[in-house]
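All ligand and atom numbering here is 1-based and tracks the order in the structure.
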Amino acid sequence: MKIFKSKKTFHDYIERQREMGKKIGFAPTMGALHQGHISLYEAASKENDLVFSSIFVNPTQFNNAADLEKYPRNIENDLKILENSDYVDAVYIPEVSDLYPDGLKSKSYDFDGLENEMEGKFRPGHFDGVGTVVEELLLQVQPDNAYFGEKDFQQLVIIEKLVEKLKLPVKIHGVAIYREKNGLAMSSRNERLSAEQREASKIIYETLLKVNDWFRIITVPEINQRVKDIFEDQRGMVLEYFEISDEQTLKETDFFYKGHNYRAFIVVFVNEVRLIDNMHLE
Ligand code: PAF
């Protein structure tokens with residue numbers, strides 16, 4: 001596996017691969033790699049000649065300085081995981097100045113209102129930060145295909161919108177959520193949970209399964225109330241939000257309309273660790 005720390009050498013390498021007509025799949029990450037990331041690489045390896053990844057903890061998408069500071073970082077371990085997985089041909093580990101030549105600030109995007117729903121309400125500026133770094137990475141890497149996890153479903157929909165609006169020649173692929181054995185969605189943030197907290201957090205997935213059972217059987221306000229009740233009884237957990245939203249517009253619904261696809265979204269704090277999950281309802 002090739003490791004690039006400089007934009008220039010990475011670009012030269014990409015150019016050579018392009019000249020040879022290689023199809024490139026790309027999965028950007030913020031490191032602290034886990035099985036969920038491997039599933040992105042696996043999907044990419046099935047549809048491309050070469051798989052590239054990047055590791056960059058993007059400061060502009062953190063609206064909370066403590067969250068940025070505590071975000072797990074372990075490059076050596078990440079590189080071992082990448083080598084062992086055998087899916088990734090090259091990894092880009094850029095400097096801040098490679099991605100932000102004019103200083104650490106976000107562009108301002110209009111994602112047709114998608115950015116104002118859910119995470120947008122609780123993490124102001126988050127999607128401007130994500131848009132800025134993803135746009136820059138896609139311009140630099142120029143992949144044919146790019147892969148993002150469905151755990152951050154709103155991010156996935158917003159990146160599809162970014163690519164559509166900027167007319168970038170890349171196909172965006174969503175990859176299903178990879179779960180731990182107990183159902184907890186894999187996340188770099190899980191590293192910050194104790195063994196007991198990790199086990200207790202399976203309630204998030206179990207709740208989503210219940211919501212799926214209740215879907216179209218009881219009303220949306222009844223489901224919302226039941227979810228609130230579940231988390232009121234959980235010690236050390238605080239439900240930040242739960243909502244059922246239209247998968248296309250991401251707008252919260254109060255009624256299940258025919259012909260629409262719905263997804264349940266949930267964010268729970270387990271002590272100070274913020275866990276996010278979602279499930280398509282059927
Ligand atoms: O999902 C992530 O890991 C990040 O938001 C991304 C897409 C790599 C941008 O920093």
(request) Enumerate the atoms of ligand 1 whose separation from the nearest heavy atom of Val133 is less than 4.0 angstrom. (result) 9 (C), 10 (O)
(request) Please could you name the atoms of ligand 1 that Thr29 approaches to less than 4.0 Å, counting only its heavy atoms? (result) 8 (C)
(request) Closest by any non-hydrogen atom to atom 9 (C) of ligand 1: pick that one out of Lys151, Gln61, Gln155, His37. (result) Gln61
(message) Quick check: Asn58 and ligand 1, any N/O pair under 3.5 Å apart?
(response) no
(message) Check for me whether the distance between the ring centres of Phe215 and Phe256 falls short of 6.0 Å.
(response) yes
(request) Tell me whether the centres of the aromatic rings in Phe127 and Phe111 are closer together than 6.0 Å. (result) no
(message) Consider ring pair (Phe, Tyr, Trp, His ring centres under 6.0 Å). Of Phe10, Tyr87, Phe26, which one does Phe52 pass it with?
(response) Phe10
(message) Rounded at 0.5 Å granularity, tell me how far CG in Asp246 sits from NE2 in His260.
(response) 6.0 Å
